[in-house]
Amino acid sequence: MSDLREEVRERYAAAALSVKDGMAANDWDADSSCCAPEDGCGVQLYDVAQREGLPDEAVLASLGCGNPTAVAALREGEVVLDLGSGGGIDVLLSAKRVGPTGKVYGLDMTDEMLELAARNAGEAGATNVEFLKGYIEAVPLPDASVDVIISNCVINLSTDKPSVIAEMFRVLRPEGRIGISDVVSADELAPADRAERGGWVGCIAGALSFTEYGNELMRAGFVDIHIDPTHEMVDQMFGAIVRARKAPR
């Protein structure tokens with residue numbers, strides 16, 4: 001599994017470097033891209049008004065399969081964590097929503113993406129953001145320290161999804177919530193069927209089914225779970241919005 005993680009890291013490091021050369025990250029290697037433009041992914045999921053004022057490199061680096069900031073209902077003063085923050089587009093959009101009294105953390109394992117994100121935050125003048133290096137399976141934040149977790153087409157890339165979901169539950173405050181864009185499989189597809197439709201780095205082979213995703217969230221302790229497909233990416237594999245809440249004590 002460590003080989004798969006390194007493959008993912010190398011792919012996104014190369015994508016970050018391609019952005020520095022003025023190329024959109026999901027155009028650099030369309031065959032292995034997590035989300036190619038023709039699949040209804042990437043920057044076109046953010047409307048023009050949202051992209052206004054963002055650094056060009058933050059927009060070019062978008063590799064997501066959704067727009068979690070559009071569904072997370074962020075409020076001023078909240079603390080937000082973006083798992084797999086990449087070039088920082090969702091961090092910067094969230095920073096605007098939570099305002100100067102809020103805080104947004106971006107977590108990524110790739111030095112090249114972290115460097116790109118920090119540069120984008122500086123260009124945007126965002127002072128309420130902080131980028132952290134680490135793994136989404138072991139979040140470097142204290143228990144009950146954030147109000148909202150977002151993520152954009154990243155959890156499917158993990159080789160240890162139960163740990164990711166357990167970490168989300170741990171760092172959320174009571175009544176905290178998640179608003180995640182991810183790739184989800186139809187329940188009818190076995191893992192071998194998913195692998196036939198695309199590779200792990202392409203965000204297909206590692207995707208959970210709708211039932212598997214819901215069960216993992218319930219096992220961790222989440223309530224009010226909703227997993228809603230938004231568009232079909234390949235046969236019986238969907239971009240989806242995942243919402244859930246941590247119950248009060």
Side-chain angles (χ1 to χ4, degrees), residues 4-5 8-9 11-12 15-16 25 34-35 41 45 58 61-72 74 78-95 97-98 102-114 116-118 120-121 129-173 176-184 200-201 203 206-208 213 216-217 220 222 225 227 239-246:
L4 277 174
R5 176 186 275 176
V8 171
R9 191 203 64 77
R11 189 265 177 265
Y12 288 94
C34 184
C35 286
C41 299
L45 295 171
S62 174
L63 280 164
C65 56
N67 182 351
T69 62
V71 299
L74 301 180
E78 289 188 314
V79 178
V80 180
L81 169 63
D82 181 11
L83 297 179
S85 49
I89 187 170
D90 292 317
V91 169
L92 297 179
L93 289 172
S94 298
R97 298 272 289 278
V98 301
K103 178 75 177 277
V104 185
Y105 294 100
L107 176 65
D108 207 280
M109 68 175 181
T110 308
D111 288 328
E112 292 83 354
M113 279 294 186
L114 288 166
L116 175 63
N120 287 332
V129 307
E130 182 178 347
F131 292 99
L132 307 170
K133 183 176 181 180
Y135 299 118
I136 62 176
E137 299 86 357
V139 177
L141 287 173
D143 294 357
S145 56
V146 302
D147 299 299
V148 187
I149 294 175
I150 63 172
S151 186
N152 200 345
C153 208
V154 171
I155 294 174
N156 67 82
L157 294 168
S158 173
T159 57
D160 186 1
K161 295 172 183 65
S163 290
V164 177
I165 292 170
E167 280 292 270
M168 290 196 296
F169 191 84
R170 178 185 68 81
V171 301
L172 278 174
R173 293 170 178 154
R177 61 198 187 277
I178 63 172
I180 290 169
S181 296
D182 212 353
V183 179
V184 184
W200 197 285
V201 176
C203 298
L208 295 173
Y213 219 131
E216 289 296 342
L217 290 166
F222 282 100
I225 298 165
I227 306 174
I241 294 295
V242 181
R243 300 178 181 90
R245 181 175 59 85
K246 184 174 181 175

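The analysis underlying the following values was restricted to heavy atoms, covering all of them including side chains, and did not include hydrogens, waters or symmetry mates.
Considering CG of L157 and CE of M109, their distance stands at 8.0 Å, rounded to 0.5 Å. In this structure, I149 CD1 and D82 CG are separated by 10.0 Å, a value rounded to the nearest 0.5 Å. A distance of 8.0 Å separates CG in L132 from CG in L81, rounded to the nearest 0.5 Å. For the atom pair I241 CD1 and I227 CD1, the distance stands at 11.5 Å (nearest 0.5 Å). Separating the CG atom in D143 from the CZ atom in F169 is a distance of 11.0 Å, to the nearest 0.5 Å. Rounding to the nearest 0.5 angstrom, the gap separating the NZ atom in K103 from the CG atom in D147 is 13.0 Å.
In plain terms, the two heavy atoms of A121 and V129 that are nearest each other are CB-CG2, 3.8 Å. Here the closest heavy-atom approach between residue I155 and residue S151 is recorded as CG1-OG, 4.1 Å. Taking both residues in full, the closest heavy atoms of S158 and W200 are given as O-CZ2, 3.3 Å, listed atom of the first, atom of the second, then distance. Contact detail for E137 and T159: the closest heavy-atom pair is OE2-N, 4.2 Å. Across all non-hydrogen atoms, the minimal contact from A244 to I225 is CB-CG1, 3.9 Å. Across all their heavy atoms, V91 and G106 have their closest contact at CG2-CA, 3.8 Å.
Side-chain atoms of R170 come within 3.5 Å of backbone atoms of L141 as a donor-acceptor pair (strictly under, hydrogens ignored). A donor-acceptor distance shorter than 3.5 angstrom exists from the side chain of N120 to the backbone of G87, with no hydrogens or angles considered. Panel note: side chain K246, backbone G176; no donor-acceptor pair is recorded below 3.5 Å.
A 4.5 Å side-chain heavy-atom check between Y213 and I180 finds at least one atom pair inside the cut-off. Considering only heavy atoms from C-beta on, E167 stays 4.5 Å or farther from I136 through its side chain. S145 places none of its side-chain heavy atoms less than 4.5 Å from the side chain of V79. Residues L172 and V146 meet the side-chain proximity criterion, which asks for heavy atoms closer than 4.5 Å. I150 is listed as a side-chain neighbour of S94, based on a closest heavy-atom distance under 4.5 Å. Residues F222 and I178 are in side-chain contact: their nearest non-hydrogen atoms beyond the backbone lie under 4.5 Å apart. In this structure, the side chains of D90 and S85 stay at 4.5 Å or more apart for every pair of heavy atoms. Within the 4.5 Å cutoff, no side-chain heavy atoms of P142 are placed close to those of V171.
The closest side-chain donor-acceptor pair between S163 and D160 falls under 3.5 angstrom.
Using a 4.0 Å cut-off between a side-chain N of Lys or Arg and a carboxylate O of Asp or Glu, R177 and E78 qualify as a salt bridge.
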